[in-house]
**Student:** 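Next up is a structure, given as structure tokens.
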Amino acid sequence: MELKFLDSKSSSLSEKAALVARTKSSPFSSFEHSVGVKFSQEFSSCRGVFTKASYLSSKGTFMPKRAISSVDKEKTAAENYFYQISTNGAGSSLFSRNVGVFDACDDEYGGVVVDPDRLPVNPDAFAPMLQFSLSHWKMKGKKGIWLKLPLERSELVPVAVKEGFEYHHAERGYVMLTYWIPEGPCMLPSNATHQVGVGGFVINDKNEVLVVQEKFYAPSFADLWKIPTGFILESEEIYTGAVREVKEETGVDTEFVEVIAFRHAHNLDFDKSDLFFVCMLKPLSAQIKVDNLEIQAAKWMPFVEFVAQPLIQEDGLFKKIIDICLARLGKHYCGLLPRQVVSKFDGRPSCLYYNVLDTGNVNCNGN
């Protein structure tokens with residue numbers, strides 16, 4: 001069967017009149033809101049529901065560029081077309097469809113980011129509009145397409161996947177899909193590869209360490225007292241995350257001193273890598289108030305007892321962390337402090353963690 005586009009501006013009155021009569025009796029009239037078309041760059045032909053489609057001018061010539069709505073950077077005005085369907089010589093029918101390119105903006109790498117707030121309200125219009133947009137972006141030489149579908153529009157996900165989009169990542173409120181246009185390997189950046197955790201090493205003037213026992217643990221860790229740990233939140237700094245985690249789990253207020261070490265591990269939860277930052281914190285209060293959701297118990301534990309725990313003595317990683325903490329307490333080691341810097345590459349402030357040996361710093365002389 002064959003599908004043809006007729007510009008509404010160039011269609012005669014008789015063609016429009018025929019539209020009304022034919023669509024009422026046509027077996028294809030029920031497809032008026034679900035027809036899907038996909039254009040190729042060379043001839044504006046389409047594949048999918050129909051075997052062939054083309055846009056015809058009033059002169060009857062192929063006009064692939066005219067078939068696509070004009071785009072002004074981010075916005076495209078949709079155009080009306082009459083679709084003529086021929087079914088293996090068994091007759092044809094016409095129906096009208098409003099087709100346009102998705103509202104989108106260009107990214108700095110030659111790609112396109114679709115506006116998730118301006119997707120078509122009618123889900124039946126999504127497929128043809130997506131196919132039309134892909135054809136347009138291909139002709140424009142675009143590369144990667146980013147399609148963010150909110151949770152309330154989840155019914156559009158299988159439609160996009162059917163057109164060749166792939167999952168990139170998902171959050172609670174949306175799923176991000178991508179489409180790579182050029183031939184060859186996809187050059188779009190992959191999803192986030194790491195999770196970031198923090199641990200707060202808090203020691204008071206009595207040489208006691210603030211420790212917790214978690215409610216949920218592996219049987220082998222049943223008797224372990226450990227430092228408060230947790231994941232940092234989105235857009236949260238490492239040092240503020242450490243202070244927050246200690247406060248949430250124990251109720252103790254602290255002040256960030258420095259990052260004394262960090263660990264990098266791979267293939268952990270969901271096959272992600274993990275960055276874990278051990279932070280030294282200064283206690284500002286002493287009263288403990290346990291978080292009953294995650295923590296079984298919390299207390300101030302003499303440092304000697306903390307270090308003497310079998311699980312710490314038998315674990316090379318824990319032992320090394322303890323050695324570093326002892327060196328820092330003895331002023332023989334200097335950790336990393338955050339400094340606010342601004343890069344000209346993006347103009348945004350960020351924290352750079354580094355060590356500056358200051359001979360005037362009585363808390364760290366590096367000897």
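The shown structure was predicted, so the numbers you read here are calculated from the model rather than taken from an experiment.
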**Student:** Before accepting this row, confirm whether a basic side-chain N of the pair Lys299/Glu208 lies closer than 4.0 Å to the acidic partner's carboxylate O.
**Tutor:**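 Salt bridge between Lys299 and Glu208, a charged N being under 4.0 Å from a carboxylate O: no.
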
**Student:** Do Val202 and Val246 have side chains that get closer than 4.5 Å, going by heavy atoms?
**Tutor:**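 When only atoms from C-beta onward are counted, Val246 and Val202 do touch, with a gap below 4.5 Å.
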
**Student:** Are Val209 and Trp300 close enough, and set up right, to give a side chain to side chain contact (heavy atoms under 4.5 Å, CB included), and what steps lead you there?
**Tutor:** CA-CA 5 Å; Val209 181; Trp300 291 98; 6.0 Å; no

**Student:** Tell me whether the centres of the aromatic rings in Phe231 and Phe276 are closer together than 6.0 Å.
**Tutor:**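 They do not qualify: ring centres at least 6.0 Å apart.
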
**Student:** Describe, in one word, how the ring planes of His266 and His194 are oriented to each other, choosing from parallel (under 30°), tilted (30 to 60°) and perpendicular (over 60°).
**Tutor:**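 Answer is perpendicular, since the angle exceeds 60°.
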
**Student:** Report yes or no: does Ser285 contribute a side-chain atom to a donor-acceptor pair with the main-chain N or O of Asp253 at less than 3.5 Å?
**Tutor:**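 Flag set: sc Ser285 to bb Asp253 pair under 3.5 Å.
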
**Student:** Could you walk me through whether Tyr167 and Thr178 pass the side chain to side chain contact (heavy atoms under 4.5 Å, CB included) check?
**Tutor:** CA-CA 7 Å; Tyr167 293 120; Thr178 59; over 6 Å; no

**Student:** Atom CG of residue position Asp346 - does it have more than 12 heavy atoms of other residues, nucleotides or ligands inside 6.0 Å?
**Tutor:**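 Yes, enclosed.
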
**Student:** Enter the distance from His136:NE2 to Met129:CE here, rounded to the nearest 0.5 Å.
**Tutor:**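 Going from NE2 on His136 over to CE on Met129, the span is 11.5 Å.
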
**Student:** Give, for atom NZ of Lys247 and atom CG of Leu284, the distance between the pair rounded to the nearest 0.5 Å.
**Tutor:**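 Interatomic distance, Lys247 NZ to Leu284 CG, rounded to 0.5 Å: 10.0 Å.
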
**Student:** Are any side-chain N or O atoms of Asn355 and backbone N or O atoms of Gly335, one a donor and one an acceptor, separated by less than 3.5 Å?
**Tutor:**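 Judged by distance alone, yes, a pair lies under 3.5 Å.
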
**Student:** Minimum heavy-atom separation for Gly241 and Ile232, please, with both atom names.
**Tutor:**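 Closest pair (atom of Gly241, atom of Ile232, distance): CA-CG2, 4.2 Å.
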
**Student:** Any salt bridge linking Lys148 with Asp115? Criterion: basic side-chain nitrogen under 4.0 Å from a carboxylate oxygen.
**Tutor:**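 Salt bridge: no.
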
**Student:** Which heavy atom of Ile312 sits nearest a heavy atom of Phe306, and at what distance?
**Tutor:**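 Taking every non-hydrogen atom into account, CD1-O, 3.3 Å.
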
**Student:** Quick one: does Asp291's side chain have a donor or acceptor within less than 3.5 Å of a partner on Ile295's backbone?
**Tutor:**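 It does not hold such a pair.
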
**Student:** Are side-chain N/O atoms of Glu214 and Gln296 paired as donor and acceptor at under 3.5 Å?
**Tutor:**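 Not at all, the side chains of Glu214 and Gln296 share no donor-acceptor pair under 3.5 Å.
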
**Student:** Please indicate whether Lys215 has more than 12 foreign heavy atoms, meaning atoms of other residues, nucleotides or ligands, lying under 6.0 Å from its NZ.
**Tutor:**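 Yes, NZ of Lys215 has more than 12 neighbouring heavy atoms, counting only those of other groups under 6.0 Å.
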
**Student:** With heavy-atom distances below 4.5 Å as the criterion, would you say the side chains of Tyr333 and Cys325 are in contact?
**Tutor:**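 They are not in side-chain contact.
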
**Student:** Shortest non-hydrogen contact from Thr250 to Pro228?
**Tutor:**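 Nearest heavy atoms, Thr250 then Pro228: CG2-CG, 4.1 Å.
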
**Student:** For Lys143, is the NZ atom crowded, meaning more than 12 foreign heavy atoms sit under 6.0 Å from it?
**Tutor:**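 Not buried by this count: 12 neighbours or fewer within 6.0 Å.
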
**Student:** Can you tell me how far apart CZ (Phe201) and OG1 (Thr229) are? Round to the nearest 0.5 Å.
**Tutor:**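 So the gap between those two atoms works out to 14.5 Å.
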
**Student:** Do Cys279 and Val257 have side chains that approach each other closer than 4.5 Å (heavy atoms only, starting at C-beta)?
**Tutor:**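 No, their side chains stay 4.5 Å or more apart.
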
**Student:** Do NZ/NE/NH1/NH2 and the carboxylate oxygens of Asp274 and Arg263 come within less than 4.0 Å?
**Tutor:**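 So Asp274 pairs with Arg263 through a salt bridge.
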
**Student:** Any sub-3.5 Å donor-acceptor pair from Lys272's side-chain atoms to Ala192's backbone N or O?
**Tutor:**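 Pair found, side chain donor or acceptor close to backbone of Ala192.
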
**Student:** Grab the two heavy atoms, one from Val159 and one from Ala127, that are nearest each other, plus how far apart they are.
**Tutor:**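 Residues Val159 and Ala127, closest heavy atoms: CG1-CB, 3.7 Å.
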
**Student:** Can Arg244 and Glu236 be counted as an ion pair, charged N to O under 4.0 angstrom?
**Tutor:**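 So Arg244 pairs with Glu236 through a salt bridge.
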
**Student:** Which atom pair, heavy atoms only, marks the closest approach of Val278 to Ile321?
**Tutor:**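 Minimum heavy-atom separation between Val278 and Ile321: CG2-CD1, 4.0 Å.
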
**Student:** Under 30°, 30 to 60°, or over 60°: which ring-plane class applies to Phe165 and Tyr179, parallel, tilted or perpendicular?
**Tutor:**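 Aromatic pair Phe165/Tyr179 classed tilted.
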
**Student:** Between CD1 of Ile260 and SG of Cys334, what distance do you get to the nearest 0.5 Å?
**Tutor:**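 If I round to the nearest 0.5 Å, the distance is 12.5 Å.
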
**Student:** Could you tell me if the side chain of Met187 sits less than 4.5 Å from the side chain of Trp180, heavy atoms only?
**Tutor:**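 Yes, side chains in contact.
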
**Student:** I need the Leu210 CG to Asn204 CG distance, nearest 0.5 Å.
**Tutor:**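 It is 8.5 Å, given to the nearest 0.5 Å.
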
**Student:** Taking C-beta and beyond as the side chain, do Leu337 and Tyr239 meet within less than 4.5 Å on heavy atoms?
**Tutor:**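 The answer is no, as the side chains (C-beta and beyond) never meet within the 4.5 Å cut-off.
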
**Student:** Above 12 or not: heavy atoms from other molecules or residues under 6.0 Å from CD of Gln287?
**Tutor:**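 Incorrect, the count does not exceed 12.
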
**Student:** Using only atom types and a distance under 3.5 Å, with no angle test, would you say the side chain of Thr254 pairs donor to acceptor with the backbone of Lys282?
**Tutor:**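 It does not hold such a pair.
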
**Student:** Start with the C-alpha distance between Tyr174 and His169, add both sets of side-chain angles, then the distance that settles ring pair (Phe, Tyr, Trp, His ring centres under 6.0 Å), and finish with yes or no.
**Tutor:** CA-CA 9 Å; Tyr174 72 89; His169 68 274; 5.5 Å; yes

**Student:** Given side chains that start at C-beta, do those of Trp146 and Leu188 come closer than 4.5 Å, heavy atoms only?
**Tutor:**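 Counting from C-beta outward, Trp146 and Leu188 do come under 4.5 Å.
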
**Student:** So do Leu275 and His264 actually touch side chain to side chain, heavy atoms under 4.5 Å?
**Tutor:**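 Of all side-chain heavy-atom pairs linking Leu275 with His264, at least one is under 4.5 Å.
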
**Student:** Would you indicate whether Gln313, at its atom CD, is surrounded by more than 12 heavy atoms from other residues, nucleotides or ligands within a distance under 6.0 Å?
**Tutor:**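 Enclosed: over 12 neighbouring heavy atoms sit under 6.0 Å from CD of Gln313.
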
**Student:** Identify whether NZ of Lys or CZ of Arg in Arg339 sits under 6.0 Å from the centre of the six-membered ring of Tyr354 and within 45° of that ring's axis.
**Tutor:**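 Yes, a cation-pi geometry holds between Arg339 and Tyr354.
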
**Student:** Please name the pair of heavy atoms, one in Val114 and one in Phe102, separated by the smallest distance, quoted to 0.1 Å.
**Tutor:**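 Of all heavy-atom pairs spanning Val114 and Phe102, the closest is CG1-CB, 4.0 Å.
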
**Student:** Rounded to the nearest 0.5 Å, how far apart are CZ of Phe318 and CG of Asp323?
**Tutor:**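 Phe318 CZ to Asp323 CG: 13.5 Å, rounded to 0.5 Å.
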
**Student:** Go through Leu224 and Tyr217 one step at a time and tell me if the side chain to side chain contact (heavy atoms under 4.5 Å, CB included) criterion holds.
**Tutor:** CA-CA 10 Å; Leu224 176 66; Tyr217 50 81; over 6 Å; no

**Student:** Is there a side-chain contact between Phe132 and Leu134, using heavy atoms and a 4.5 Å cut-off?
**Tutor:**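 Result no, sub-4.5 Å side-chain heavy-atom pair not found.
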
